[in-house]
Number of protein chains: 2
Amino acid sequence: MNIGDVAQRSGLPAKTIRYYEEIGLIRPQRGENGYRRFREQDLHKLAFLGRARALGFTIEDCRTLIALYEDESRESGQVKRVAEEHLQQIDDKIAQLQSMRATLAELVSCCAGDDRPDCPILEDLAHHGADGATEGKGRAL
Amino acid sequence: MNIGDVAQRSGLPAKTIRYYEEIGLIRPQRGENGYRRFREQDLHKLAFLGRARALGFTIEDCRTLIALYEDESRESGQVKRVAEEHLQQIDDKIAQLQSMRATLAELVSCCAGDDRPDCPILEDLAHHGADGATEGKGRAL
DNA sequence: CTTGACCTTCCAGTGACTGGAGGCCCCACA
DNA sequence: TGTGGGGCCTCCAGTCACTGGAAGGTCAAG
């Protein structure tokens, strides 16, 4: 298979597949013309990666998960630990977003949203006492 | 005030303040020694930025919000629109994370997490039918 | 006069891609 | 046999919002 075929079958953009090769997640063979040649097992791995990424695992997590997947002597506890840590991070992120959401929704509901300049949203941003929504800053929306 | 003072008073790292100047969010004056000299109004603006960022507004949103804040003839509807769009994005993100969370929690609960290799988490990643958690990919955790 | 804290600029790296330029390669059709 | 168009290649730059570090100037205290 050429890259276009695996892209279509895996649902991943060709660019992303090349990137995954670059960082060593996959090692497709090469034809005489220099084109990447993918086998079924490469496709399988890409599908695995696509699903792990869709669950929000980082690339490094994916590396670990693939290594565990290929390691017949793995212990399921190792996998579970990775997943649990990730789950915890998701929970933290959700909590942070919900805190932001609450503050923001409150402000929005207080704003008339008409043609007059008075705006409680700006008032709050300009004069609010100390911290914003949560202590942890609002990175990575 | 020097940058260290405003950093302390605003809670933003000095690096970040320099960055905000670089991208034109603030324009502190300069002393003869080349040091940035901040006035109260600069500090005020930085505090505004810190709070807007803590609510998850992008830098571009912040630029807009500050412009509106300084525009006496603004209409609060403009501000509200920015905030509502942002709120919508937060809601989308929360929904996406909750979908991931649900899938992941289910998988984790099915995994024994012991010293045997059998692992439903890996099974799912390897053989799950089509999409991952949600259709939208899991970027930006 | 030295020490050490503070300030400056500039450059590089983060994560996970994404876009685009410039250039082969391959196949079908005239 | 030429040509056109699509697919493939590599390499470079950009994204977002910082963050770290190196190399060097400045300032106040002792």
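The chains referred to below are lettered A, B, ... by the order of the sequence lines, with proteins before strands, and numbering in each begins at 1.
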How does protein reach along nucleotides 24-30 of chain D, written 5' to 3' as B (base within reach of a heavy atom under 4.0 Å), S (only sugar-phosphate), or - (no contact)? -BBS---
Nucleotide nearest [X] when distance is taken to its side chain, options [options]:
X	options	value
A:Thr16	D:dT19, C:dG20, C:dT18	C:dT18
A:Tyr20	C:dC17, C:dG20, D:dA17	C:dC17
A:Lys15	D:dC11, D:dC18, D:dC8	D:dC11

Got B:Arg81 and B:His86 here, is their nearest side-chain heavy-atom distance under 4.5 Å? no
State which residues pass side-chain hydrogen bond (donor to acceptor under 3.5 Å, both in side chains) with B:Gln88; sequence neighbours excluded, sorted by chain then number. B:Asp92
With a cut-off of less than 4.0 Å, is there a side-chain N or O of [X] near OP1 or OP2 of [N]?
X	N	answer
A:Arg18	D:dG7	no
B:Arg36	C:dC7	no
A:Thr58	C:dG15	no

B:Glu70: which residues meet the salt bridge (charged side-chain N to carboxylate O under 4.0 Å, His left out) condition with it, sequence neighbours left out? B:Lys45
Going by the rule salt bridge (charged side-chain N to carboxylate O under 4.0 Å, His left out), which residues pair with B:Arg18 if we only count those two or more places apart in sequence or in a different chain? none
Quick check: does any side chain N or O of [X] sit under 3.5 Å from a backbone N or O of [Y], one acting as donor and the other as acceptor?
X	Y	result
A:Glu85	A:Val82	no
A:Ser76	B:Gly113	yes
A:Arg30	A:Tyr35	no
A:Arg53	A:Phe57	yes

How long is the line joining [atom1] of [X] and [atom2] of [N], in whole Å?
X	N	atom1	atom2	answer
A:Asn2	D:dC9	CG	P	7 Å
A:Leu12	C:dC17	CG	P	8 Å
A:Ile23	C:dG15	CD1	P	10 Å
A:Met1	D:dC8	CE	C1'	16 Å
A:Ile3	C:dC24	CD1	C1'	16 Å
A:Ile17	D:dC9	CD1	C1'	15 Å
A:Arg53	C:dA16	CZ	C1'	6 Å
A:Tyr19	C:dT18	OH	P	10 Å

Does this structure show an ion pair linking [X] with [Y], if we count only N-O contacts that are shorter than 4.0 Å?
X	Y	answer
A:Arg116	A:Asp114	yes
A:Arg27	A:Glu21	no
A:Arg63	A:Glu60	yes

Would you work out how much the helix from C:dC1-D:dG30 to C:dA30-D:dT1 bends between its ends, with each end axis defined by five base pairs, to 10 degrees? 30°
Tell me which residues in residues 40-49 of chain A lie within less than 4.0 Å of DNA chain D, going by non-hydrogen atoms. none
For a quick check of understanding: with a heavy-atom distance under 4.0 Å over all strands, which category does B:Arg37 fall into, base, sugar-phosphate or nothing? nothing
Ring geometry between A:Tyr69 and B:His127 (parallel below 30°, tilted from 30 to 60°, perpendicular above 60°): perpendicular
